[in-house]
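Accompanying notes for the structure given below.
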Number of protein chains: 4
Amino acid sequence: MTTINGITADQLRSIVERIERLEQDKANIAADVKDVYAEAKGNGYDTKALRSIIKLRKLEAAEREEQEYMLDVYMRAMGMLPELD
Amino acid sequence: MTTINGITADQLRSIVERIERLEQDKANIAADVKDVYAEAKGNGYDTKALRSIIKLRKLEAAEREEQEYMLDVYMRAMGMLPELD
Amino acid sequence: MTTINGITADQLRSIVERIERLEQDKANIAADVKDVYAEAKGNGYDTKALRSIIKLRKLEAAEREEQEYMLDVYMRAMGMLPELD
Amino acid sequence: MTTINGITADQLRSIVERIERLEQDKANIAADVKDVYAEAKGNGYDTKALRSIIKLRKLEAAEREEQEYMLDVYMRAMGMLPELD
DNA sequence: CGGACAAGTTTGCCAC
DNA sequence: GTGGCAAACTTGTCCG
């Protein structure tokens, strides 16, 4: 078998195809998102406002996560939870 | 029912949730792509070269697509295809 | 001399003016491009086809460039070119 | 001479080259702008603030232009300037 | 005016 | 950790 540095053409092809497949899926979903916004717009929604809502909720989710993380840190510091390795 | 400009809270919630679900899917796929690159790197692949291959194939695909479009334009200009409505 | 964090008003003015001058030049050229398309349209050219030709040639150029880059990467991998510093 | 719908290959070539040349000039200037920002950053400037200044001045210039235009309109309405043809 | 296309801006990632 | 690079998102522009 043709091999360069322990890499076969089939392995390379497999990797490239996996990535391309995933990128395609990602693009499809991005198109779906666009469709949802377009549909919403057609139903009288202000897409700019919609995007703001989405962004705000994302920030809030990140903030919640951060708060939970801090709570965890404090509880460990106070010996209310086992130390991490 | 509480309605503002013909928009109900339920409709809004539905749209927001659909988008957030899609965005989540997209993020998951992006993470998968990252994993594939990381795995490839672990197997001795040069990720820079890999990305270059992907990019090149993407350019080739775009070029093919554009050529088909050009052919279509030319054939219409020469009356070999029906005009678009 | 009035200086804030080692920055003088004159330096700032100079930078802003350089950028604005360059942006103005860029806008002028963009207008020239518009003119060329308009003139071509007046002479019976299909601007959509023209733009397609430009786009196709751009894709070809990008592809050539990427291929040269790939060749370089491969040759380095095979020890046919010196490693970069 | 080979002619399609009164269009010669030379004419087409000329147009395409003119556009590509202009686009190249535009790209060069864009690169120059990037350089100026990079240089400014190296000298301790906050590029984000710089961009804000540029944007603000652009808005102010547009506003001044608008105000002059309105003044002109008013003066014409009051017979203080000759009517436009 | 609305939709497509391009430009600019921001964000995330990778290498150093 | 940082800084440059590339991708994504947003914004503005231009044509139909």
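Naming: A, B, ... by sequence-line order, numbering from 1 per chain.
- C/Y37 places its OH atom 12 Å from the C1' atom of E/dA6, with the value rounded to the nearest Å.
- To the nearest angstrom, C1' of E/dA15 lies 16 Å from CG of B/L50.
- In this structure, CD of B/E65 is placed 15 Å from C1' of E/dC5, rounded to the nearest angstrom.
- Looking at B/S52 and B/K48, their side chains never come closer than 4.5 Å, going by heavy atoms from C-beta outward.
- Nearest-nucleotide mapping onto DNA chain F: of C/R51 and A/R51, the residue sitting toward the 5' end is A/R51.
- Distance C/I54 CD1 to E/dA6 P: 11 Å, rounded to the nearest Å.
- Heavy atoms of other residues, nucleotides or ligands lying less than 6.0 angstrom from CE of D/M70 number more than 12.
- The CD1-P distance, from A/I19 to E/dC13, rounds to 15 Å in whole Å.
- Side-chain atoms of A/D25 and B/D25, non-hydrogen and from C-beta on, never get closer than 4.5 Å to each other.
- Summary of the strand contacts: A/K58 and A/K34 both lie near DNA chain E, and taking for each the nucleotide with the nearest heavy atom, the more 5' one is attributed to A/K34.
- One interatomic measurement links the two molecules: CD of A/E23 to P of F/dA7, which rounds to 9 Å at whole-angstrom precision.
- One distance of note links OH of D/Y37 with CG of D/L50; it measures 6.5 Å at 0.5 Å rounding.
- In the set E/dC14, E/dA15, F/dT10, F/dT10 carries the atom at the smallest distance from any side-chain atom of A/K55.
- The distance between atom CG of A/L59 and atom P of E/dT10, rounded to the nearest whole Å, is 15 Å.
- Of the candidates E/dT10, F/dG16, E/dC14, the closest approach to any side-chain atom of D/K48 belongs to E/dT10.
- Side-chain proximity of C/K41 to F/dG16, F/dC15, F/dT10: nearest is F/dG16.
- Counting only heavy atoms from C-beta on, B/K26 has its side chain closest to F/dC9 among F/dC14, E/dC14, F/dC9.
- Nucleotide E/dG8 holds its P atom 11 Å from the CD1 atom of D/I29, rounded to whole Å.
- A/E65 places none of its side-chain heavy atoms less than 4.5 Å from the side chain of A/Y69.
- For the pair B/T47 and E/dA15, the criterion of a side-chain N or O lying under 4.0 Å from OP1 or OP2 is met.
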